[in-house]
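Source: prediction; values computed, not measured.
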Amino acid sequence: MSSISLDTLNAADRATFMAAIGEVMELAPWVADEAYAKRPFASMAALYQTMVDAVRNAGDERLRALINGHPDLAGRAAREGKLTADSTRRAGGRRIGSLDRTRVRCLPSA
């Protein structure tokens with residue numbers, strides 16, 4: 001994976017931005033697309049936080065699709081602390097399983 005500077009991301013058109021970070025949240029390019037609208041970012045940490053916020057504020061349909069694409073992040077393995085170190089690191093230590101369990105249980109079926 002090649003690196004890209006924050007200045008480049010801040011100045012990028014949508015296609016370039018999405019090509020660079022559209023798959024950071026695997027199987028959920030809508031997260032990067034929402035972040036694009038909130039540029040410029042003061043830091044990479046601010047970009048990351050914007051993407052985390054997009055997931056946390058996602059509607060039920062998007063959240064269900066994200067969970068269905070990554071069942072172990074919200075499933076038994078996550079609850080029992082059995083995810084690999086890489087999965088935990090890539091999720092930023094904020095697994096989907098850390099979402100309000102009531103909200104996850106109440107999401108409509110796909």
Side-chain angles (χ1 to χ4, degrees):
M1 173 191 245
S2 62
S3 63
I4 188 167
S5 74
L6 182 61
D7 288 338
T8 300
L9 286 173
N10 281 333
D13 61 28
R14 186 177 297 273
T16 302
F17 187 89
M18 293 301 293
I21 67 165
E23 287 299 319
V24 167
M25 299 289 191
E26 186 180 25
L27 302 176
W30 57 267
V31 176
D33 194 54
E34 285 191 18
Y36 176 82
K38 299 193 181 215
R39 295 169 313 131
F41 302 103
S43 65
M44 286 293 192
L47 168 57
Y48 171 78
Q49 188 59 53
T50 299
M51 294 178 78
V52 168
D53 291 345
V55 172
R56 284 194 176 142
N57 297 320
D60 290 348
E61 185 176 325
R62 280 188 164 171
L63 190 56
R64 171 66 66 194
L66 183 63
I67 291 169
N68 286 341
H70 302 87
D72 283 343
L73 293 180
R76 185 175 185 179
R79 288 190 306 273
E80 294 177 357
K82 294 181 179 177
L83 292 177
T84 66
D86 186 52
S87 289
T88 301
R89 179 189 53 74
R90 284 187 297 139
R94 299 176 189 268
R95 295 185 304 271
I96 293 170
S98 69
L99 292 171
D100 178 342
R101 295 207 187 284
T102 302
R103 181 171 183 213
V104 171
R105 280 193 302 270
C106 293
L107 289 172
S109 301

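In summary, Arg14 and Asp33 engage in a salt bridge, as defined by a charged side-chain N under 4.0 Å from a carboxylate O.
In terms of heavy-atom proximity, Ala58 sits nearest to Trp30 at CB-CH2, 3.6 Å. Residues Met44 and Leu9 share a closest heavy-atom pair of CE-CD1, 4.0 Å. Smallest separation of non-hydrogen atoms from Val31 and Ala54: CG1-CB, 4.1 Å. For Ala35 against Leu47, the heavy-atom pair with the smallest separation is CB-CD1, 4.1 Å. In plain terms, the two heavy atoms of Gly22 and Ala32 that are nearest each other are CA-CB, 3.7 Å.
Both cation-pi conditions hold for Arg39 and Tyr36: the charged atom is under 6.0 angstrom from the six-membered ring centre and inside a 45 degree cone around its axis.
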(request) For Ile21 and Val24, run side-chain contact (heavy atoms from CB on, under 4.5 Å): C-alpha distance rounded to whole Å, both residues' side-chain angles, the deciding distance at 0.1 Å, then the answer. (result) CA-CA 5 Å; Ile21 67 165; Val24 167; 3.6 Å; yes
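Side-chain atoms of Asp53 and Thr50 form no donor-acceptor pair, as typed in the model, at a separation below 3.5 Å.
To the nearest 0.5 Å, the span separating CD on Glu34 from CE on Met51 amounts to 10.0 Å.
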